[in-house]
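Each ligand, and each atom within it, is numbered from 1 in the order the structure gives.
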Amino acid sequence: MEKYSSRQLMDIEHRYGAHNYHPLEVVIAKAEGIWVEDPEGKRYIDMLSAYSAVNQGHRHPAIIQALKDQADILTLTSRAFFNDRWPLFARKLSELTGKEMILPMNTGAEAVETAIKTMRKWGYLVKKVEADKAEIIVFCENFHGRTTTIVSFSTDPEGHDFYGPYTPGFTIVPYNDLNAVEKAISKNTVGIMVEPIQGEAGVVVPDEGFLAGLGKIARKHNVLLAMDEIQTGFCRTGKLFAYQHEDVDPDIIIMGKALGGGVFPVSAVAANQDVLGVFKPGTHGSTFGGNPLGCAVAMAAIDVLLKENLAERATEMGGYFMGQLRDLQKKSAKIKLVRGKGLLIGIVLNESAGKARQYTNALKDKGLLCKETHDWIIRFAPPLVITKADIDAAMEKIREVLG
Ligand SMILES: *Cc1c(COP(=O)(O)O)cnc(C)c1O
């Protein structure tokens, strides 16, 4: 294969690729663990983890082995037939989530769409809501994906505008506001869909009791609670799922990203029989959903999380990292706030510090990759296999840029 420089590759992408992203000017050509490398051989610590899709670290050997082994045997059957991987993945994910049934898809947005369809169908068939009147409560600053229905209830103009006509049936209320949720409930409400921490909004952590409160409201009014754990799930915040920090049992768990171990898109919805049972043959599906290659990868990805105690690691390393960042905050005029849980950390900048992009750029030049969300928040979300020594090395760079 012909060798291209980073500059050439960025120019080619700019010429031929649609400009629906604004990447930092770094080309990644190789990766292992927490490290990535550009074509010129410069190494960087990855502190984004593909938006938490690489919790297990880049190219985890056990996950890559599962991919290779399965690729040699069977990759795709469609669900027109049974295959010998999907049943075992379904059982594994059911046992892991404590939910009776699993519906497999590929991308996160597809799993969110599945949850929306589930709540609506449950509303009509079980709760007996009048036809086409179902309402789902969602939250300001939400991020649930990019389909036309999902962007219909986005409050971010960039993600939302110019894609109408928009799908009706969603009521948007302020995040972290239980009164607003209670007030928004009507006889047609079928569900509440929430991120346990709003990642894209800038790692917004709700008050303790918010998620448990949602659970109580959902019970009281006979509506389903759907937890979007696509970014927060799979040990990122120090628990297998972020909702487990509170006493709440969501009806629907939406998963994606790290479920594919950073190698393959695998997403899923988990719920009990009385909820996910609304789907009958032919009523929903996906050609690649439940494909043997994805199932083999996802099973290995789950094993890695459990075997390597990555939840405890995220708690321990996240505590250490956040402590260091808070020490820096005390001495820095640039940092307003450090917030997060486990290894999902947001740094809110002071207005006087200017735009976050200049800092993510400066960190990139020093060999640390992270991304801004909005203009004033920097997110740190390294692979969960990061060590204390790695964090110390990263902190040196962060101190130079944000100190
Ligand atoms: C990334 C993300 C999605 C969408 O997942 P895709 O795989 O990009 O479709 C949905 N919800 C949350 C919370 C996410 O972080």
Atom 11 (N) of ligand 1 - nearest protein heavy atom and its distance: Asp228 OD2, 2.7 Å
Parallel, tilted or perpendicular, as decided by the 30° and 60° cut-offs, for the rings of Phe153 and His144: tilted
Crowding at CD, Gln358 (>12 non-hydrogen neighbours, <6.0 Å): yes
Parallel, tilted or perpendicular, as decided by the 30° and 60° cut-offs, for the rings of His284 and Phe279: parallel
For atom 14 (C) of ligand 1, closest protein heavy-atom neighbour: Lys257 NZ, 2.9 Å
Lys257, Arg313, His60, Arg236 screened by side-chain hydrogen bond (donor to acceptor under 3.5 Å, both in side chains) with Asn55, the one that passes: Arg236
Asp247, CG: over 12 other non-hydrogen atoms inside 6.0 angstrom: no
Protein heavy atom at shortest distance from atom 9 (O) of ligand 1: Ala109 N, 2.8 Å
Ligand 1 contacted by Tyr51 (non-hydrogen, < 4.0 Å): no
Ligand 1-proximal atoms of Glu195, by part, heavy-atom distance under 4.0 Å: side chain
Geometric cation-pi criterion, Lys364 with Tyr44: 6.0 Å, 45°: no
Nearest option to atom 5 (O) of ligand 1, as decided by whichever heavy atom of Ser52, Pro196, Gly108 sits closest: Gly108
Atom indices of ligand 1, in the order listed, that fall short of 4.0 Å to a heavy atom of His144: 10 (C), 11 (N)
